[in-house]
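Computed from heavy atoms alone, side chains included, the values below leave out hydrogens, waters and symmetry copies.
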Amino acid sequence: MKKRLSARSRYFFWLSAALVGALLAVALLAPILAPNSPSATDLSNALIRSSSQYPWGTDALGRCLMSRVLYGARISIISSLVITLTVFSVGILVGVTAGYYGGIIDIVLNKLITIMQAFPKIILAIAIAGLLGIGIGNMIFALCLVEWAEYARMARSFTYSEKQRSYVKAARVCGESSLRIILKRIIPNIAYPLIVNASLGIASVIMEIAALSYLGVGVKEPMAEWGTMINIGRNYLQTDTQLVFIPGLALFITAAIFNLFGEKLRDRLKNQ
(Lines give C-alpha, C1' and ligand atoms only; values in the text may rest on other atoms or scores of the structure.)
Protein backbone atom coordinates (compact mmCIF):
# COMPACT_ATOMS: atom_id res chain seq x y z
CA MET A 1 0.00 0.00 0.00
CA LYS A 2 2.82 2.35 0.90
CA LYS A 3 4.60 1.65 -2.39
CA ARG A 4 1.45 2.45 -4.34
CA LEU A 5 0.98 5.75 -2.49
CA SER A 6 4.67 6.56 -2.93
CA ALA A 7 4.50 5.88 -6.67
CA ARG A 8 1.37 8.00 -6.94
CA SER A 9 3.05 10.84 -5.05
CA ARG A 10 6.06 10.71 -7.38
CA TYR A 11 3.76 10.71 -10.39
CA PHE A 12 1.93 13.85 -9.27
CA PHE A 13 5.19 15.55 -8.35
CA TRP A 14 6.66 15.02 -11.80
CA LEU A 15 3.34 15.92 -13.43
CA SER A 16 3.21 19.21 -11.53
CA ALA A 17 6.87 19.88 -12.36
CA ALA A 18 6.14 19.25 -16.04
CA LEU A 19 3.19 21.63 -15.93
CA VAL A 20 5.34 24.31 -14.30
CA GLY A 21 7.94 23.74 -17.00
CA ALA A 22 5.25 24.13 -19.66
CA LEU A 23 4.12 27.42 -18.12
CA LEU A 24 7.70 28.69 -18.07
CA ALA A 25 8.11 27.67 -21.71
CA VAL A 26 4.92 29.52 -22.67
CA ALA A 27 6.11 32.61 -20.79
CA LEU A 28 9.55 32.61 -22.40
CA LEU A 29 8.29 31.76 -25.89
CA ALA A 30 5.37 34.22 -25.86
CA PRO A 31 6.83 36.31 -28.75
CA ILE A 32 6.98 33.13 -30.88
CA LEU A 33 3.65 31.62 -29.80
CA ALA A 34 1.59 34.80 -29.99
CA PRO A 35 -0.25 35.06 -33.33
CA ASN A 36 -0.32 38.88 -33.21
CA SER A 37 1.21 41.83 -31.46
CA PRO A 38 -0.32 42.21 -27.97
CA SER A 39 -0.50 46.00 -28.27
CA ALA A 40 -1.53 46.45 -31.92
CA THR A 41 -5.00 48.01 -32.11
CA ASP A 42 -7.56 47.60 -34.87
CA LEU A 43 -10.91 49.21 -34.09
CA SER A 44 -12.49 47.63 -37.17
CA ASN A 45 -11.99 44.23 -35.51
CA ALA A 46 -13.02 45.25 -32.00
CA LEU A 47 -14.85 42.72 -29.76
CA ILE A 48 -14.63 39.82 -32.22
CA ARG A 49 -15.51 36.48 -30.66
CA SER A 50 -13.13 34.28 -32.67
CA SER A 51 -11.56 34.16 -36.10
CA SER A 52 -8.61 32.63 -37.92
CA GLN A 53 -6.55 35.74 -37.23
CA TYR A 54 -7.75 36.14 -33.63
CA PRO A 55 -8.32 32.61 -32.20
CA TRP A 56 -9.65 33.87 -28.84
CA GLY A 57 -11.21 37.06 -30.16
CA THR A 58 -10.28 40.69 -29.51
CA ASP A 59 -10.87 43.34 -26.87
CA ALA A 60 -12.57 46.74 -27.23
CA LEU A 61 -9.51 48.16 -29.01
CA GLY A 62 -9.22 45.24 -31.43
CA ARG A 63 -6.18 43.75 -29.69
CA CYS A 64 -5.66 39.97 -29.89
CA LEU A 65 -6.75 38.32 -26.64
CA MET A 66 -4.63 35.24 -27.17
CA SER A 67 -1.50 37.30 -27.70
CA ARG A 68 -2.23 39.42 -24.65
CA VAL A 69 -2.83 36.38 -22.46
CA LEU A 70 0.45 34.81 -23.59
CA TYR A 71 2.39 38.01 -22.94
CA GLY A 72 0.52 38.36 -19.66
CA ALA A 73 1.88 34.96 -18.65
CA ARG A 74 5.36 36.27 -19.33
CA ILE A 75 4.88 39.26 -17.03
CA SER A 76 3.05 37.42 -14.25
CA ILE A 77 5.25 34.31 -14.07
CA ILE A 78 8.65 35.92 -14.55
CA SER A 79 7.81 38.80 -12.20
CA SER A 80 6.59 36.38 -9.52
CA LEU A 81 9.78 34.32 -9.80
CA VAL A 82 11.94 37.44 -9.55
CA ILE A 83 10.00 38.62 -6.50
CA THR A 84 10.11 35.20 -4.82
CA LEU A 85 13.84 34.76 -5.42
CA THR A 86 14.55 38.27 -4.10
CA VAL A 87 12.49 37.98 -0.91
CA PHE A 88 13.78 34.45 -0.34
CA SER A 89 17.40 35.68 -0.46
CA VAL A 90 16.77 38.81 1.63
CA GLY A 91 14.67 36.89 4.14
CA ILE A 92 17.37 34.25 4.67
CA LEU A 93 20.07 36.93 5.02
CA VAL A 94 18.12 38.92 7.61
CA GLY A 95 16.67 35.93 9.47
CA VAL A 96 19.90 33.94 9.74
CA THR A 97 21.83 37.03 10.84
CA ALA A 98 19.29 37.79 13.57
CA GLY A 99 18.95 34.19 14.74
CA TYR A 100 22.65 33.35 14.79
CA TYR A 101 24.20 36.47 16.31
CA GLY A 102 21.37 37.39 18.69
CA GLY A 103 21.83 40.36 21.04
CA ILE A 104 21.18 43.86 19.78
CA ILE A 105 21.29 42.70 16.14
CA ASP A 106 18.47 40.26 16.80
CA ILE A 107 16.42 42.84 18.71
CA VAL A 108 16.67 45.45 15.94
CA LEU A 109 16.01 43.06 13.07
CA ASN A 110 13.19 41.30 14.93
CA LYS A 111 11.49 44.64 15.60
CA LEU A 112 11.79 45.49 11.90
CA ILE A 113 10.27 42.13 10.95
CA THR A 114 7.44 42.62 13.44
CA ILE A 115 6.67 46.10 12.10
CA MET A 116 6.53 44.84 8.53
CA GLN A 117 4.23 41.97 9.48
CA ALA A 118 1.91 44.22 11.47
CA PHE A 119 0.34 45.54 8.26
CA PRO A 120 -1.74 43.49 5.78
CA LYS A 121 0.63 42.75 2.91
CA ILE A 122 -1.65 43.62 0.04
CA ILE A 123 -2.76 46.93 1.59
CA LEU A 124 0.83 47.94 2.30
CA ALA A 125 1.84 46.93 -1.24
CA ILE A 126 -0.98 49.05 -2.69
CA ALA A 127 0.15 52.03 -0.61
CA ILE A 128 3.81 51.68 -1.60
CA ALA A 129 3.05 51.10 -5.28
CA GLY A 130 0.64 54.04 -5.27
CA LEU A 131 3.29 56.33 -3.79
CA LEU A 132 6.00 55.17 -6.20
CA GLY A 133 3.77 55.38 -9.26
CA ILE A 134 2.34 52.95 -11.79
CA GLY A 135 4.82 50.62 -13.46
CA ILE A 136 6.07 47.05 -13.36
CA GLY A 137 9.35 48.01 -11.68
CA ASN A 138 7.61 49.87 -8.86
CA MET A 139 5.13 47.02 -8.44
CA ILE A 140 7.94 44.47 -8.08
CA PHE A 141 9.75 46.71 -5.60
CA ALA A 142 6.57 47.19 -3.54
CA LEU A 143 5.88 43.46 -3.36
CA CYS A 144 9.50 42.72 -2.43
CA LEU A 145 9.25 45.19 0.45
CA VAL A 146 6.19 43.49 1.94
CA GLU A 147 7.05 39.84 1.26
CA TRP A 148 10.56 39.44 2.73
CA ALA A 149 9.50 39.59 6.39
CA GLU A 150 7.73 36.21 6.31
CA TYR A 151 10.89 34.44 5.13
CA ALA A 152 13.02 36.36 7.61
CA ARG A 153 10.77 35.30 10.50
CA MET A 154 11.00 31.64 9.48
CA ALA A 155 14.76 31.77 8.90
CA ARG A 156 15.32 33.46 12.28
CA SER A 157 13.29 30.82 14.11
CA PHE A 158 14.99 27.88 12.37
CA THR A 159 18.46 29.39 12.85
CA TYR A 160 17.90 29.98 16.54
CA SER A 161 16.96 26.32 17.01
CA GLU A 162 19.71 25.03 14.75
CA LYS A 163 22.55 26.91 16.46
CA GLN A 164 21.74 25.11 19.73
CA ARG A 165 22.52 21.72 18.17
CA SER A 166 25.66 19.84 19.06
CA TYR A 167 27.15 19.85 15.56
CA VAL A 168 27.17 23.67 15.51
CA LYS A 169 28.77 23.81 18.96
CA ALA A 170 31.34 21.25 17.82
CA ALA A 171 32.13 23.38 14.77
CA ARG A 172 32.74 26.39 17.01
CA VAL A 173 35.06 24.35 19.24
CA CYS A 174 36.98 23.22 16.14
CA GLY A 175 37.59 26.88 15.28
CA GLU A 176 35.27 27.29 12.30
CA SER A 177 34.35 30.89 11.57
CA SER A 178 30.80 32.15 12.02
CA LEU A 179 30.49 32.75 8.27
CA ARG A 180 31.55 29.19 7.48
CA ILE A 181 29.14 27.76 10.07
CA ILE A 182 26.28 29.80 8.63
CA LEU A 183 27.02 28.92 5.00
CA LYS A 184 28.08 25.29 5.42
CA ARG A 185 26.12 24.13 8.46
CA ILE A 186 23.03 26.18 9.17
CA ILE A 187 21.66 27.35 5.81
CA PRO A 188 21.75 23.86 4.18
CA ASN A 189 19.78 22.47 7.14
CA ILE A 190 17.09 25.17 7.20
CA ALA A 191 16.75 25.59 3.44
CA TYR A 192 14.15 22.85 2.81
CA PRO A 193 11.17 24.40 4.67
CA LEU A 194 12.02 27.81 3.24
CA ILE A 195 12.17 26.42 -0.31
CA VAL A 196 8.80 24.74 0.18
CA ASN A 197 7.32 27.98 1.52
CA ALA A 198 8.74 29.86 -1.46
CA SER A 199 7.29 27.36 -3.95
CA LEU A 200 3.88 27.63 -2.29
CA GLY A 201 4.18 31.41 -2.19
CA ILE A 202 4.65 31.85 -5.95
CA ALA A 203 0.91 31.39 -6.54
CA SER A 204 0.12 34.07 -3.95
CA VAL A 205 2.57 36.48 -5.57
CA ILE A 206 0.96 35.89 -8.98
CA MET A 207 -2.43 36.73 -7.47
CA GLU A 208 -1.00 39.85 -5.78
CA ILE A 209 0.48 41.03 -9.08
CA ALA A 210 -2.92 40.64 -10.71
CA ALA A 211 -4.62 42.40 -7.79
CA LEU A 212 -2.31 45.43 -7.94
CA SER A 213 -2.74 45.68 -11.72
CA TYR A 214 -6.52 45.31 -11.38
CA LEU A 215 -6.55 48.19 -8.91
CA GLY A 216 -4.51 50.37 -11.25
CA VAL A 217 -1.22 50.50 -9.31
CA GLY A 218 0.60 47.66 -11.07
CA VAL A 219 1.32 47.08 -14.73
CA LYS A 220 0.43 50.02 -16.93
CA GLU A 221 -1.47 49.88 -20.21
CA PRO A 222 -0.87 49.00 -23.02
CA MET A 223 1.37 46.32 -21.48
CA ALA A 224 -0.52 43.02 -21.29
CA GLU A 225 -1.15 41.67 -17.78
CA TRP A 226 -3.99 39.47 -16.55
CA GLY A 227 -5.17 41.77 -13.75
CA THR A 228 -5.22 44.77 -16.08
CA MET A 229 -7.09 42.77 -18.71
CA ILE A 230 -9.74 41.74 -16.16
CA ASN A 231 -10.11 45.35 -15.01
CA ILE A 232 -10.70 46.54 -18.57
CA GLY A 233 -12.92 43.59 -19.44
CA ARG A 234 -15.30 44.16 -16.51
CA ASN A 235 -16.74 47.16 -18.37
CA TYR A 236 -18.03 44.71 -20.99
CA LEU A 237 -18.96 41.90 -18.63
CA GLN A 238 -22.63 41.78 -19.63
CA THR A 239 -21.95 41.62 -23.36
CA ASP A 240 -18.49 40.03 -23.76
CA THR A 241 -17.70 37.74 -20.85
CA GLN A 242 -14.63 36.37 -22.65
CA LEU A 243 -12.74 39.59 -21.87
CA VAL A 244 -12.84 38.63 -18.19
CA PHE A 245 -13.20 34.86 -18.43
CA ILE A 246 -10.10 34.15 -20.55
CA PRO A 247 -7.50 36.09 -18.49
CA GLY A 248 -9.27 35.03 -15.29
CA LEU A 249 -9.03 31.37 -16.30
CA ALA A 250 -5.36 31.79 -17.21
CA LEU A 251 -4.72 33.34 -13.79
CA PHE A 252 -6.61 30.56 -11.99
CA ILE A 253 -4.87 27.72 -13.86
CA THR A 254 -1.41 29.21 -13.38
CA ALA A 255 -1.90 29.79 -9.65
CA ALA A 256 -3.36 26.28 -9.23
CA ILE A 257 -0.41 24.63 -11.02
CA PHE A 258 2.19 26.44 -8.92
CA ASN A 259 0.21 25.64 -5.78
CA LEU A 260 0.06 21.96 -6.74
CA PHE A 261 3.80 21.93 -7.42
CA GLY A 262 4.49 23.51 -4.02
CA GLU A 263 2.39 20.92 -2.22
CA LYS A 264 3.97 17.99 -4.04
CA LEU A 265 7.46 19.41 -3.45
CA ARG A 266 6.64 19.67 0.24
CA ASP A 267 5.53 16.04 0.33
CA ARG A 268 8.62 14.90 -1.56
CA LEU A 269 11.07 16.75 0.71
CA LYS A 270 9.21 15.59 3.81
CA ASN A 271 9.67 11.94 2.86
CA GLN A 272 13.37 12.24 2.12
Next on the checklist: Does Glu225 form a side-chain contact (heavy atoms from CB on, under 4.5 Å) with Lys220? I'd like the steps, not just the answer.
Outcome noted: CA-CA 9 Å; Glu225 197 281 327; Lys220 183 168 55 175; over 6 Å; no
Please table the atom pairs, donor to acceptor, closer than 3.5 Å between any side-chain atom in residues 243-259 and protein atoms at least two apart or in another chain.
from   : atom 1 : to     : atom 2 : distance (Å)
Thr254 : OG1    : Ala250 : O      : 2.8

Which donor-acceptor pairs under 3.5 Å do the side chains of residues 193-205 make with protein atoms, sequence neighbours left out?
from   : atom 1 : to     : atom 2 : distance (Å)
Asn197 : ND2    : Glu150 : OE2    : 3.4
Ser199 : OG     : Ile195 : O      : 3.4
Ser199 : OG     : Val196 : O      : 2.7

Next on the checklist: Ser177: which residues meet the side-chain contact (heavy atoms from CB on, under 4.5 Å) condition with it, sequence neighbours left out?
Outcome noted: Leu179, Arg180
Checklist outcome for this item: Nearest heavy-atom contact between Ala46 and Ala60 is CB-O, 3.4 Å
Next on the checklist: Can you list everything that forms a side chain to side chain donor-acceptor pair (under 3.5 Å) with Arg63? Sequence neighbours excluded, please.
Outcome noted: Asp59, Glu221
Show me the donor-acceptor pairs, under 3.5 Å and distance only, between side chains in residues 139-149 and residues at least two apart or in other chains.
from   : atom 1 : to     : atom 2 : distance (Å)
Glu147 : OE1    : Lys121 : NZ     : 3.3
Trp148 : NE1    : Leu145 : O      : 3.0

Item to check | For Ser166, side chain to side chain donor-acceptor pair (under 3.5 Å) partners two or more places apart | outcome: none
Next on the checklist: Test of understanding: with salt bridge (Lys or Arg N to Asp or Glu O under 4.0 Å), list the residues that count as partners of Arg165, not counting sequence neighbours.
Outcome noted: Glu162
Next on the checklist: Assigning hydrophobic clusters by single linkage (Ile, Leu, Val, Met, Phe, Trp, Tyr; side-chain heavy-atom cutoff under 4.5 Å), is Tyr214 placed with Met207?
Outcome noted: yes
Item to check | Check: Asp106/Tyr100 side-chain N/O donor and acceptor closer than 3.5 Å | outcome: no
Checklist entry - Has the side chain of Ser50 got a donor or acceptor atom that lies under 3.5 Å from a matching backbone atom of Trp56? => result no
Side chains of residues 14-23: which donor-acceptor pairs under 3.5 Å do they make with residues two or more places apart or in other chains?
from  : atom 1 : to    : atom 2 : distance (Å)
Ser16 : OG     : Phe12 : O      : 3.1
Ser16 : OG     : Phe13 : O      : 2.7

Checklist entry - Yes or no on side-chain contact (heavy atoms from CB on, under 4.5 Å) for Arg156 and Tyr160, after CA distance, side-chain angles and deciding distance? => result CA-CA 6 Å; Arg156 175 184 175 272; Tyr160 185 80; 5.6 Å; no
Next on the checklist: Strictly by side-chain hydrogen bond (donor to acceptor under 3.5 Å, both in side chains), give each pair with a member in residues 226-249 just once, sequence neighbours left out.
Outcome noted: Asn231-Arg234
Next on the checklist: Test of understanding: clusters of I, L, V, M, F, W, Y form through side-chain heavy atoms closer than 4.5 Å, transitively. Do Leu24 and Val69 belong to the same one?
Outcome noted: yes
Next on the checklist: Quick check against the 3.5 Å criterion: does Arg68 have a side-chain atom that pairs as donor or acceptor with the backbone of Pro38?
Outcome noted: yes
Under 3.5 Å, side-chain donor or acceptor atoms of residues 79-90 against the rest of the protein: list the pairs with distances, not counting sequence neighbours.
from  : atom 1 : to    : atom 2 : distance (Å)
Ser79 : OG     : Ile75 : O      : 2.6
Ser80 : OG     : Ser76 : O      : 3.1
Ser80 : OG     : Ile77 : O      : 2.7
Thr84 : OG1    : Ser80 : O      : 2.8
Thr86 : OG1    : Val82 : O      : 2.7
Ser89 : OG     : Leu85 : O      : 2.9

Checklist entry - Can you name the residues that form a side chain to side chain donor-acceptor pair (under 3.5 Å) with Glu176, not counting sequence neighbours? => result Arg185
Item to check | N/O donor-acceptor pair under 3.5 Å between Thr58 side chain and Leu47 backbone | outcome: yes
Item to check | Those residues that, when tested against Gln117, pass side chain to side chain donor-acceptor pair (under 3.5 Å) (two or more places apart) | outcome: Arg153
Next on the checklist: Using the rule given for side-chain contact (heavy atoms from CB on, under 4.5 Å), can you reason through Tyr54 versus Leu65, listing the C-alpha separation, both sets of side-chain angles and the distance that settles it, and then say yes or no?
Outcome noted: CA-CA 7 Å; Tyr54 306 108; Leu65 274 181; over 6 Å; no
